[in-house]
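Computed from a predicted model, the values in this text were never measured in an experiment.
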Amino acid sequence: QVQLQESGGGLVQAGGSLRLSCAASGRTFSTVPMGWFRQAPGKEREFVASISASGGTTNYRSSVKGRFTISRDNAKNTVYLQMNSLKSEDTAIYYCAVSRKRISTPARNDYDFWGQGTQVTVSS
């Protein structure tokens with residue numbers, strides 16, 4: 001069993017920055033890929049970014065490339081999402097998740113443990 005707790009969300013003006021954190025417990029964190037997803041009102045949950053177990057490989061959805069950075073600190077069992085140049089379309093609940101695959105992927109069904117989410121609201 002894995003427990004995930006996101007934090008760092010909030011209200012920010014367009015062009016601003018936020019850093020989300022996801023603290024994990026209950027499993028050997030350093031051996032599993034992690035991902036960030038988001039869900040806006042009335043929309044499907046979508047992939048944002050993923051990171052391999054070692055942190056050496058990252059992937060992003062195209063609309064956040066160059067603005068968001070995923071990273072992890074395996075000593076602290078924490079994964080981060082640094083979000084810069086935020087836009088109103090980034091407004092959503094952001095979730096971190098643990099992959100059940102050996103490599104990081106963008107497929108929602110490849111993730112089997114999820115946090116409760118943290119709200120990010122970007123005002124224009």
Side-chain angles (χ1 to χ4, degrees):
Q1 192 72 10
V2 177
Q3 292 80 44
L4 301 172
Q5 181 63 59
E6 302 95 337
S7 62
L11 174 64
V12 63
Q13 288 189 333
S17 298
L18 284 173
R19 188 175 84 152
L20 306 183
S21 299
C22 173
S25 62
R27 179 186 277 185
T28 305
F29 177 79
S30 62
T31 66
V32 294
M34 299 287 294
W36 283 98
F37 290 74
R38 67 187 181 188
Q39 187 167 17
K43 295 189 177 181
E44 296 273 326
R45 190 171 298 188
E46 64 183 20
F47 170 78
V48 176
S50 64
I51 188 166
S52 61
S54 68
T57 301
T58 57
N59 293 288
Y60 299 91
R61 72 179 297 105
S62 58
S63 62
V64 307
K65 278 182 181 177
R67 300 189 297 122
F68 290 12
T69 302
I70 188 171
S71 62
R72 65 191 296 161
D73 185 338
N74 286 342
K76 295 183 178 179
N77 284 6
T78 302
V79 63
Y80 305 97
L81 185 68
Q82 177 67 45
M83 305 186 295
N84 299 328
S85 301
L86 283 161
K87 305 176 181 180
S88 57
E89 51 262 44
D90 295 318
T91 295
I93 299 174
Y94 283 70
Y95 300 88
C96 67
V98 175
S99 177
R100 54 187 173 85
K101 299 290 190 177
R102 295 180 67 182
I103 60 173
S104 59
T105 71
R108 178 180 165 184
N109 290 340
D110 288 345
Y111 294 79
D112 56 3
F113 291 101
W114 297 80
Q116 293 192 332
T118 185
Q119 176 71 49
V120 171
T121 303
V122 184
S123 63
S124 56

**Student:** Output yes when a side-chain donor or acceptor of Glu6 lies under 3.5 Å from a complementary backbone atom of Cys96, and no otherwise.
**Tutor:**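 Yes: the side chain of Glu6 pairs with the backbone of Cys96.
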**Student:** Rounded to the nearest 0.5 Å, how far does CZ of Arg102 lie from OG1 of Thr31?
**Tutor:** 10.5 Å
**Student:** Kindly indicate whether a cation-pi arrangement holds for Arg108 with Phe37, taking the cut-offs as under 6.0 Å to the six-membered ring centre and within 45° of the axis.
**Tutor:** no
**Student:** Any chance CD1 of Ile103 has more than 12 other-residue heavy atoms, nucleotides or ligands included, within less than 6.0 Å?
**Tutor:** no
**Student:** If hydrophobic clusters are built from ILVMFWY residues whose side chains come within less than 4.5 Å, do Val64 and Val79 share one?
**Tutor:**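 Yes, one cluster joins them.
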**Student:** Treating Tyr80 as the side-chain partner and Thr69 as the backbone partner, does any N or O pair qualify as donor plus acceptor under 3.5 Å?
**Tutor:** no
**Student:** At what distance, to the nearest 0.5 angstrom, does OH of Tyr94 lie from CG of Leu18?
**Tutor:** 9.0 Å
**Student:** Give, for atom CZ of Arg100 and atom CG of Asp112, the distance between the pair rounded to the nearest 0.5 Å.
**Tutor:**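 Rounded to the nearest 0.5 Å, the CZ-CG separation comes out at 6.0 Å.
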**Student:** Given side chains that start at C-beta, do those of Ile51 and Ser104 come closer than 4.5 Å, heavy atoms only?
**Tutor:** no
**Student:** Do Arg38 and Leu20 make a side-chain contact, defined as non-hydrogen atoms from C-beta onward lying under 4.5 Å apart?
**Tutor:**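 No. Closest side-chain heavy atoms not under 4.5 Å.
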**Student:** Transitively linked via ILVMFWY side-chain contacts under 4.5 Å: Phe113 with Phe47?
**Tutor:** no
**Student:** Sub-3.5 Å donor-acceptor pair from the side chain of Arg45 to the main-chain atoms of Gln39, do we have one?
**Tutor:** no
**Student:** Look up atom CZ in Arg61 and atom OG in Ser50, then write down how far apart they are to the nearest 0.5 Å.
**Tutor:**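 Spacing of CZ (Arg61) from OG (Ser50) equals 12.0 Å.
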**Student:** Starting at CG of Leu11, measure out to CD of Gln119 and round the result to the nearest 0.5 Å.
**Tutor:** 9.5 Å
**Student:** Can Leu81 be reached from Val12 by stepping across I, L, V, M, F, W or Y side chains whose heavy atoms are under 4.5 Å apart?
**Tutor:**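 Yes, one cluster joins them.
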**Student:** Is the shortest heavy-atom distance from the side chain of Met83 to the side chain of Val120 under 4.5 Å?
**Tutor:** yes
**Student:** Does the pair Val32 and Ser99 meet the rule for a side-chain contact (heavy atoms from CB on, under 4.5 Å), with working shown?
**Tutor:** CA-CA 6 Å; Val32 294; Ser99 177; 5.8 Å; no
**Student:** Is the gap between the ring centers of Trp36 and Phe68 under 6.0 Å?
**Tutor:** no
**Student:** Is it true that a side-chain atom of Arg72 and a backbone atom of Phe29 form a donor plus acceptor pair closer than 3.5 Å?
**Tutor:**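 Yes; judged by distance alone, with no hydrogens or angles, the pair exists.
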**Student:** Minimum heavy-atom separation for Ser88 and Ser124, please, with both atom names.
**Tutor:**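 Distance-wise, the nearest heavy atoms are CB-CB, 4.3 Å.
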**Student:** Tell me if the CD atom of Gln116 is crowded by more than 12 foreign heavy atoms within 6.0 Å.
**Tutor:** no
**Student:** I need the Ser52 OG to Met34 CE distance, nearest 0.5 Å.
**Tutor:**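 Answer rounded to 0.5 Å: 12.0 Å.
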**Student:** Okay, side chain of Tyr111, backbone of Thr105: is any donor-acceptor separation there less than 3.5 Å?
**Tutor:**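 Judged by distance alone, yes, a pair lies under 3.5 Å.
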**Student:** If you look at every heavy atom in Thr91 and Val122, which pair is closest and at what distance?
**Tutor:** OG1-N, 2.9 Å
